[in-house]
Protein chains: 2
Amino acid sequence: MQNPDWDIFRYVIAVVDSGSAVAAAERLGVNASTVLRKIAKFETDNGVRLFEKRQSGYRPTAECATIVEEARKIEQNVMAINRDLLGRDLRLEGRLAVTTTDSLLVSLLAPLIEVFTAHHPRIRVDVSVTNSRLNLPKQDADIAIRASKMPPDTLVGQRVSGLVFAVYAPAVFADGTSDDRGQVLGNSRWVGIGQALSASPVGEWMSRNVAPGQIAMTADTFVAVRDCALAGIGIAVLPCCLGDTSRGLVRLTGPISEMDTSLWVLTHSDIRGAARVKAFNEFVTRELRAKSALLEGAGV
Amino acid sequence: MQNPDWDIFRYVIAVVDSGSAVAAAERLGVNASTVLRKIAKFETDNGVRLFEKRQSGYRPTAECATIVEEARKIEQNVMAINRDLLGRDLRLEGRLAVTTTDSLLVSLLAPLIEVFTAHHPRIRVDVSVTNSRLNLPKQDADIAIRASKMPPDTLVGQRVSGLVFAVYAPAVFADGTSDDRGQVLGNSRWVGIGQALSASPVGEWMSRNVAPGQIAMTADTFVAVRDCALAGIGIAVLPCCLGDTSRGLVRLTGPISEMDTSLWVLTHSDIRGAARVKAFNEFVTRELRAKSALLEGAGV
DNA sequence: TCCGGGTTCTGCATAATTGCAGATTGAATA
DNA sequence: TATTCAATCTGCAATTATGCAGAACCCGGA
């Protein structure tokens with residue numbers, strides 16, 4: 001006796017308004033059989049005859065009238081929901097969850113987000129900083145901006161630029177001559193990278209080129225590594241976009257190709273089709289490409 | 001961007017009210033996967049995040065609120081429809097389409113319908129008299145009361161009693177003695193049955209036992225045949241329920257077993273589950289069974 | 001009187017949905 | 001700290017709904 005499937009009322013309205021099941025089917029974008037069968041099922045389930053099935057079409061009975069009356073109210077409510085959804089989308093408002101690493105946020109993204117939110121005041125950007133690998137399940141973000149040689153194919157997106165790494169020293173270690181630099185590189189202690197990133201290109205380069213005894217400490221985010229290097233603990237590998245923009249650090253080497261990787265802007269959200277997602281995606285991609293010189297280490 | 005499938009709002013409400021997808025699934029009587037997937041599909045299609053998917057359950061977002069608000073109005077409207085349908089059913093009102101033959105209507109059904117409608121004043125019984133065979137497609141009736149040896153299995157129902165036929169003569173032909181009866185039977189002309197019923201047991205008996213030259217005329221309903229017999233045109237085969245209740249006719253024979261058949265009350269309507277259909281069905285079945293003596297020719 | 005265009009309706013093959021069972025996760029509890 | 005429990009997810013299989021093509025039918029007009 002219960003009546004699930006509220007969708008039936010959409011069919012009832014269509015049949016009443018168009019006069020026949022085939023016309024209703026065309027309006028609804030389904031086959032005429034579907035309309036016939038859905039109406040028949042509703043009549044069987046509820047013990048009411050909504051339409052006289054004439055050869056000239058489906059003619060609503062008197063009992064149909066009260067149902068249609070309520071169904072039209074439902075239609076109004078659904079249209080209100082659709083207007084709300086569509087309008088919100090067109091007006092570019094809502095929440096936008098972005099995940100990235102702290103180094104990218106500090107060096108590049110923060111000013112971009114500032115510009116974006118100023119331009120779209122009704123969009124609120126929620127940044128989640130996670131330095132762990134991006135293959136964590138249950139990605140709760142709409143957009144991910146991450147460094148990777150190849151992103152997992154569960155995420156879709158585009159490569160924005162290269163991302164290179166170099167060795168940096170606190171300025172107090174070196175006066176800037178190349179002789180000094182070589183000496184510092186050989187003799188200094190290091191600020192290493194945490195275990196969570198030991199499998200990354202940077203971690204692997206470190207394990208090959210830096211003896212364990214040289215490592216004074218590790219930190220598990222590049223911003224933390226930089227701050228420790230700035231404090232004079234040692235020299236460190238940093239992404240050039242972070243190292244080159246940090247006052248108080250000098251670059252000791254050029255970009256080291258073994259650590260080269262790429263920067264990706266990725267979307268795997270349920271709502272990747274939303275206008276605000278597209279807007280942010282396009283904006284960030286364009287701006288980051290414009291700054292590819294910094295990302296690819298051409299700054300020095 | 002459009003949003004078909006109004007049924008999704010039923011799911012949204014259930015999830016909001018019960019706090020998790022599994023609880024909503026239980027309330028809705030479906031599997032939890034169905035709820036998860038329907039919500040996910042809606043979010044993907046409309047670019048909106050309705051719920052935060054936490055381990056502790058689905059928590060509605062701010063954007064969900066306006067949708068739920070409208071969805072609750074929809075729920076009110078659907079409940080109004082359900083109340084209307086259920087109420088109408090319980091109050092036993094509405095239209096009830098009955099199809100039968102004129103002979104059954106005249107001899108038995110009319111007084112039964114009178115009692116039924118007096119007892120259920122809000123039910124309107126629409127009788128459609130069709131003497132053609134009952135295998136006509138597109139049976140537009142809720143209940144059919146018909147004579148048949150075996151009803152087609154597309155119709156469901158129950159056998160009410162036997163239905164027997166005998167030969168009747170207008171009273172002016174015979175004074176009632178058995179001698180007279182034999183003489184009348186052999187010498188009179190006949191009122192035959194129309195071609196539409198030639199394949200029925202009655203039609204076959206006629207073709208075997210009555211010479212074509214004896215047939216003065218035919219009519220295609222038994223009531224018409226009876227009226228012509230009453231007018232003195234000839235003798236005729238009639239169902240006993242009709243012949244025995246017709247003043248001015250005398251039965252010449254006992255029930256002729258070759259023409260025996262059964263009386264069925266059948267329902268194949270879309271709305272056979274409706275209360276008024278059941279009520280009429282039970283009433284008619286009970287009353288006809290009480291009169292089975294008449295139907296089976298015990299009246300003489 | 002026959003024919004054409006529209007309809008409803010029905011098998012049948014395919015596509016989509018659903019249920020089921022397991023994997024995974026997070027949090028609360030002993 | 002381990003462990004139990006309830007929740008979200010995800011392949012796979014079975015069920016269900018859908019589209020397609022044809023049959024049957026009615027109505028109007030040449």
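So you know, we letter chains A, B, ... as the sequences are listed, proteins then strands, and number each from 1. Worth knowing before you read on, the calculation uses all heavy atoms, side chains too, and leaves out hydrogens, waters and symmetry mates.
- Rounded to a whole Å, the CZ atom of B:Arg54 is 16 Å from the C1' atom of D:dA6.
- Every pair passing side chain to side chain donor-acceptor pair (under 3.5 Å) that includes a residue from residues 28-39 of chain B is listed here, sequence neighbours excluded: B:Asn31-B:Ser33.
- Distance, A:Tyr58 OH to C:dT8 P: 6 Å, rounded to whole Å.
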Contact string for nucleotides 16-22 of chain C, one letter per nucleotide 5' to 3', B = base within protein heavy-atom range under 4.0 Å, S = sugar-phosphate only, - = neither, reads --BBBB-
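- Contact check on A:Asp5 versus A:Lys41 returns no salt bridge, with no Lys/Arg side-chain nitrogen under 4.0 Å from an Asp/Glu carboxylate oxygen.
- Between the CD atom of B:Glu63 and the CG atom of B:Leu50 there is a distance of 8.0 Å, given to the nearest 0.5 Å.
- Put simply, CD on B:Glu26 is 12 Å from P on D:dA6, counting in whole angstrom units.
- For the pair A:Glu52 CD and C:dT8 P, the interatomic distance rounds to 13 Å; values are reported in whole Å.
- As a whole-Å value, the separation of B:Asp5 CG from D:dT18 C1' is 14 Å.
- Neither side chain, A:Ser18 nor A:Arg27, offers a donor N or O lying under 3.5 Å from an acceptor on the other.
- Between A:Lys53 atom NZ and C:dT8 atom P the separation is 11 Å, expressed in whole Å.
- Between A:Glu43 and A:Lys53 there is a salt bridge, since a side-chain N of the basic residue sits under 4.0 Å from a carboxylate O of the acidic one.
- Residues B:Ile13 and B:Arg72 meet the side-chain proximity criterion, which asks for heavy atoms closer than 4.5 Å.
- In this structure, A:Leu28 places its CG atom 10 Å from P of D:dG19, rounding to the nearest Å.
- The nearest whole Å value for the distance from the CD atom in A:Gln55 to the C1' atom in C:dT7 is 5 Å.
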